[in-house]
Amino acid sequence: MDLQHRLDEAARDHNVPGAAVAVWVDGRLIEAATGVVNRDTGVETTTDSLFQVGSTTKIWTAALVMRLVEEGAVDLDAPVRKYLPEFGLADAAAAETVTVRHLLTHTGGFAGDLFEDTGRGDDCLDRFVSFLHGAPQVYEPGAMFSYCNSGYVVLGALAARLAGGTWERAMRERLMNPLGVTHGALLAEEAVLFRASAGHLGPGNAVNPNWQMPRSNAPAGSTLCLAPRELVRFGRMFLDGGVTAGGTRLLEEETVAAMTTAQVDVPGVPGLLADRWGLGFELFDWGAPVFGHDGGTVGQSTFWRIVPGSRFSIAMSCNGGDVPAVLSDLAFPLVRELAGVTPTPLPTVPDRPAAVDATRYAGTYPGPAAVQEVAAVDGGLEVTTIPGEFMRQAGIERTTERFVHHSDESFIDVEAKTTITFLERDGRIFLHSGGRAVARA
């Protein structure tokens, strides 16, 4: 396997400025890196370069919470308010019933993409929990899956409160140090001590000028930076039933099994998003059990998968370009060749999309990060996305995209190949996009 050549080729073909990949297979680590971490400086990407790993952070936060469960400090089915009495939402009744399990499985039902910056102080998570008192409820807790960044910030606040100190301190003392992580950073002032990657935006790969994201969203994925080898190291701990490479037990085998057991189905077309969700982990049916999590910040993307039956793990980070194409051309074939499982292909536009009456889906779907206006046109849909303040600050502009019918109540973007799915619950229509459920106004 010429991993270096294959990575070089995939990055070149798909306009990726820089990338690194780490693979654990046959009891050994194989790594490669290509390109630059920053096109403005020309600094070369190396296998120990740090990338913002985005939402793969959620598994670290979930592991912190599960350690507290093992210690008897947390009951998964207890209300969050038992541990954070100040937790509140716009819907007071819902706030009383949201449980720790709901947060771990993205079934809490409240608005998830709230990226309020509550400062750099050690009280930023507590301040974020107070900010959530105005968070609207999208559906009844436990009723369905909807990806919820805000819920993981609450979990981070809970873990910090019960472990004592900050989320960052709990991460270092309870996970990163016992694992032996050497190339990782939790804050910007730590990342500058390493060869840290910048995100790149658009076809021209302009460097993202706003590298630092709010500390208040750290437990959900705003600040953690890792070399891919460190995600593989973390994955090996799960392969070994909760034991680190150095022989330290971090989690009980029963806890690993619980985290990788399905808790809720994920609506929509199979592809990059999981078929089901466990206690933190995305779960995939690729002919054998596979689990992991993806992550993205502004201009950076991370792919992480673990195949327990083959004792295989892979982590890959890119800092721009057409990442789905790199996954199709490089990561998925590596999983197939080295782990012996076949990833579900990314969805494609049907040769002859069915003409459907899409008028029942038309309307306005207001979410916390963006408003989506859906119109029925020519047997398909036209979806206009109007970004909110956070997305505008990230350089994301208003777009109008054409969708055609894919299957059942799912539609696919004819250009970007992303999919959306409509659900009806108790007479209400929900748009499920990118894992998020938004009710029609």
Quick one: does [X]'s side chain get under 4.5 Å of [Y]'s, heavy atoms only?
X: Leu104; Y: Gln263; result: no
X: Pro214; Y: Glu116; result: no
X: Val298; Y: Asn210; result: no
X: Val341; Y: Phe284; result: no
X: Trp277; Y: Asp265; result: no
X: Thr255; Y: Val69; result: no
X: Pro228; Y: Val21; result: no
X: Trp60; Y: Arg174; result: no

[X] bridged to [Y] by N-O distance under 4.0 Å:
X: Arg305; Y: Asp294; answer: yes
X: Arg215; Y: Asp122; answer: yes
X: Arg67; Y: Glu70; answer: no

Quickly, which of [options] forms a side chain to side chain contact (heavy atoms under 4.5 Å, CB included) with [X]? Name it, please.
X: Ser301; options: Leu327, Val323, Val326, Val53; result: Val323
X: Val154; options: Leu84, Val100, Leu125; result: Leu84
X: His432; options: Phe422, Tyr147, Phe145; result: Phe145

- Does the side chain to side chain contact (heavy atoms under 4.5 Å, CB included) test come out yes or no for Asn149 and Ser55, once each step is laid out? CA-CA 8 Å; Asn149 283 291; Ser55 287; 4.0 Å; yes

- Message: Assess the residue pair Val80 and Thr99 against the criterion (side chain to side chain contact (heavy atoms under 4.5 Å, CB included)); give the C-alpha distance rounded to whole Å, side-chain angles, the decisive distance to 0.1 Å, and a yes or no.
- Response: CA-CA 5 Å; Val80 172; Thr99 66; 5.6 Å; no

Is a donor from one side chain sitting under 3.5 angstrom from an acceptor on the other, for [X] and [Y]?
X: Thr47; Y: Arg229; value: yes
X: Thr182; Y: Glu230; value: yes
X: Asn205; Y: Asn15; value: yes

Look at atom [atom1] of [X] and say whether more than 12 heavy atoms of other residues, nucleotides or ligands are closer to it than 6.0 Å.
X: Glu190; atom1: CD; value: yes
X: Asp408; atom1: CG; value: no
X: Asp426; atom1: CG; value: no

Determine the minimum heavy-atom distance between [X] and [Y], stating which atoms define it.
X: Leu132; Y: Phe110; result: CD1-CE1, 4.4 Å
X: Thr105; Y: Val264; result: O-CG1, 3.8 Å
X: Ala157; Y: Val129; result: CB-CG2, 3.9 Å
X: Pro178; Y: Arg172; result: CD-O, 3.7 Å
X: Ala358; Y: Gly380; result: CB-O, 3.5 Å
X: Thr421; Y: Ser410; result: OG1-OG, 2.6 Å

- Gap between atom CE of Met213 and atom CG of Leu224 - 0.5 Å precision: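 Nearest 0.5 Å value for the CG-CE distance: 12.0 Å.
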
- Task: Quick one: pull up CG in Leu283 and OG1 in Thr260 and give me the separation to the nearest 0.5 Å.
- Result: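 Spacing of CG (Leu283) from OG1 (Thr260) equals 7.0 Å.
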
Tell me which donor-acceptor pairs under 3.5 Å the side chains of residues 361-376 have, and how far apart each pair is, sequence neighbours excluded?
residue	atom	partner	partner atom	Å
Tyr361	OH	Glu409	OE2	2.9
Tyr365	OH	Tyr361	O	2.7

- Query: Where does the angle between the aromatic ring planes of Phe234 and Phe238 fall among parallel (under 30°), tilted (30 to 60°) and perpendicular (over 60°)?
  - Reply: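 Taking Phe238 first and then Phe234, their aromatic rings stand perpendicular (interplane angle over 60°).
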
- Check whether the ring centres of His406 and Phe411 lie less than 6.0 Å apart, and answer yes or no.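 Not under 6.0 Å, so no.
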
- Query: Can you list the steps and then say if Arg161 with Tyr83 is a side chain to side chain contact (heavy atoms under 4.5 Å, CB included)?
  - Reply: CA-CA 8 Å; Arg161 177 77 55 85; Tyr83 312 106; over 6 Å; no

- Message: Checking Arg402 against Glu415 for the side chain to side chain contact (heavy atoms under 4.5 Å, CB included) test, could you report, in this order, the C-alpha distance in whole Å, the side-chain angles of both residues, the deciding distance, and whether it holds?
- Response: CA-CA 8 Å; Arg402 165 79 168 155; Glu415 297 293 337; over 6 Å; no

- Contacts of type side-chain hydrogen bond (donor to acceptor under 3.5 Å, both in side chains), residue Glu401, not counting sequence neighbours: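 Partners of Glu401 under the side-chain hydrogen bond (donor to acceptor under 3.5 Å, both in side chains) test: none.
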
- Item | Side-chain donor/acceptor of Thr297 to backbone N/O of Gly54, under 3.5 Å |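 Absent.
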
